[in-house]
Each structure stands twice: as structure tokens, then as C-alpha cells.
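Taking it in order: structure first as C-alpha cells, then the write-up.
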Amino acid sequence: MVSEYPGMPTVATAYQKIYAVVSSIPGGRVATYGQVARLAGMPGQARLVGYALSSLHDRVPVPWHRVVNARGEISERSGGSPADVVQRLRLESEGVSFDELGRIPLGRFLWDV
DNA sequence: CCACTGACGAGTG
DNA sequence: GCACTCGCCAGTG
């Protein structure tokens with residue numbers, strides 16, 4: 001649970017809710033953007049989840065790497081940042097495996113609430 | 001205040 | 001399974 005970080009607005013934002021949900025994803029499991037949105041009380045707001053995560057900075061201790069898209073793939077960033085590679089490495093080090101197409105078998109690793 | 005911007009998802013052909 | 005469209009809306013400048 002991340003309630004605060006340098007530079008974060010003092011008032012509560014939708015992002016805090018999202019960060020709280022992401023922070024509760026167990027290691028070795030993954031959640032989809034849409035799933036996080038629902039758990040955060042914003043069904044249908046998958047895009048906002050992605051937007052919220054993209055605005056995170058390194059010092060914020062949120063396990064953003066455990067969030068993937070509905071197809072079990074790691075979504076590609078804009079600007080060609082290497083964050084997607086880091087994400088895969090972190091997941092693999094947690095025991096999450098990928099198939100030959102670079103997708104995670106959601107039937108085995110999706111976080112069941 | 002207005003316009004633009006996204007780590008997405010579900011539906012359709 | 002792939003390509004395309006449309007709906008979502010908080011933040012940012």
C-alpha cells in the first residue's frame with residue numbers, strides 16, 4: 001500500500017486507489033489492467049490503470065510488473081523504453097513463465113481474488 | 001477552461 | 001486468430 005511519495009498530490013486521486021490494488025497482487029501472480037480497474041472500483045477503466053502505472057517513477061514501491069494485458073502479454077511502452085524487458089525479467093524471477101509467443105498462461109498465473 | 005493523450009478491453013467481420 | 005472500431009476518463013499543458 002502506497003499512500004504517499006515525493007511529488008504526489010496531497011489530495012486523493014484515482015491513482016492512489018489503483019496503486020493500492022496493484023500493491024496487493026501476490027508475488028508469482030499477475031493481474032490484468034481490466035481486473036485492477038474493477039478491483040479499484042472503476043470497471044471499464046483499464047486505460048486509466050495503464051496511464052496510472054506509466055506515471056509511476058522508480059522510487060515508488062509498487063509491483064507494476066505484475067500487471068499485464070488481457071491476452072497475458074506485456075504491453076509495449078511508447079518511446080521504446082526498456083521497461084518491458086525489466087518487467088519480463090522480474091516476472092520470471094518470481095516464477096512466472098512465458099510461452100513461445102511471449103504470453104503468460106493466465107489460466108495458471110492470473111491472480112484469483 | 002479547452003484539447004489532447006494514453007502500460008486497455010470488448011465486440012465485430 | 002487477426003485487423004479494425006469504439007467506448008472509457010483522469011491528468012497535463
Side-chain angles (χ1 to χ4, degrees):
Chain A
M1 171 52 154
V2 176
S3 58
E4 184 172 21
Y5 64 82
M8 173 179 262
T10 52
V11 288
T13 66
Y15 287 15
Q16 288 188 333
K17 189 74 179 172
I18 293 171
Y19 299 152
V21 173
V22 174
S23 297
S24 61
I25 302 172
R29 291 317 226 13
V30 297
T32 66
Y33 294 95
Q35 182 181 7
V36 171
R38 285 195 302 282
L39 294 173
M42 318 174 204
Q45 304 302 324
R47 299 194 66 127
L48 281 188
V49 175
Y51 190 28
L53 296 185
S54 72
S55 75
L56 277 173
H57 28 97
D58 301 326
R59 73 191 122 177
V60 188
V62 173
W64 51 268
H65 57 283
R66 297 186 187 133
V67 184
V68 298
N69 65 34
R71 299 184 305 192
E73 304 173 309
I74 290 176
S75 296
E76 199 148 324
R77 307 327 187 248
S78 59
S81 80
D84 52 340
V85 179
V86 175
Q87 179 170 10
R88 174 158 181 163
L89 291 177
R90 284 196 185 180
L91 287 174
E92 291 183 319
S93 71
E94 290 184 348
V96 176
S97 56
F98 292 73
D99 64 17
E100 54 287 336
L101 297 178
R103 297 181 312 189
I104 298 168
L106 293 182
R108 285 165 48 199
F109 298 106
L110 185 64
W111 176 35
D112 50 320
V113 192

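Here is how names work: the chains are called A, B, and so on, in the same order as the sequence lines, proteins then strands, and each is numbered from 1.
Within the model, atoms CG of A:Leu53 and OH of A:Tyr33 stand 6.0 Å from one another, a figure rounded to the nearest 0.5 Å. Rounded to the nearest 0.5 angstrom, A:Ile104 CD1 and A:Arg88 CZ are separated by 8.5 Å.
Between the C1' atom of B:dC8 and the CD1 atom of A:Ile74 lies a distance of 15 Å, rounded to the nearest Å. Summarising the geometry, the separation between CG on A:Leu53 and C1' on C:dA10 is reported as 14 Å, rounded to the nearest angstrom. If you measure from atom CE of A:Met42 to atom P of C:dA10, you get 9 Å, rounded to the nearest angstrom. When the P atom of B:dT5 is taken as reference, atom CG of A:Leu48 falls 16 Å away, rounded to whole Å. Remark: P of B:dC8 and CD of A:Glu73 are 11 Å apart, rounded to the nearest angstrom.
Of all heavy-atom pairs between A:Gln87 and A:Val67, the closest is NE2-O, 2.9 Å. Heavy atoms only, all atoms of each residue included: A:Arg108 and A:Ser97 are closest at NH2-OG, 3.4 Å.
Crowding of A:Glu92 atom CD: a count of heavy atoms from other residues, nucleotides or ligands under 6.0 Å exceeding 12.
Non-hydrogen atoms lying under 4.0 Å from DNA chain B are contributed by nothing in residues 92-104 of chain A.
Phosphate contact (OP1/OP2 of C:dG11, side-chain N/O of A:Thr13, threshold under 4.0 Å): present.
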Chi angles and distances behind the side-chain contact (heavy atoms from CB on, under 4.5 Å) call for A:Ile74, A:Phe98: CA-CA 10 Å; A:Ile74 290 176; A:Phe98 292 73; 3.9 Å; yes
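With hydrogens and angles disregarded, a donor-acceptor distance shorter than 3.5 Å links the side chain of A:Arg66 to the backbone of A:Ile25. Judged by distance alone, the side chain of A:Gln45 and the main-chain N or O of A:Ala40 form no donor-acceptor pair under 3.5 Å.
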Provide a list of protein-nucleic acid N or O atom pairs under 3.5 angstrom, restricted to nucleotides 9-11 of chain B.
residue: B:dG9; atom: OP1; partner: A:Ala70; partner atom: N; Å: 3.1
residue: B:dG9; atom: OP2; partner: A:Ala70; partner atom: N; Å: 2.9

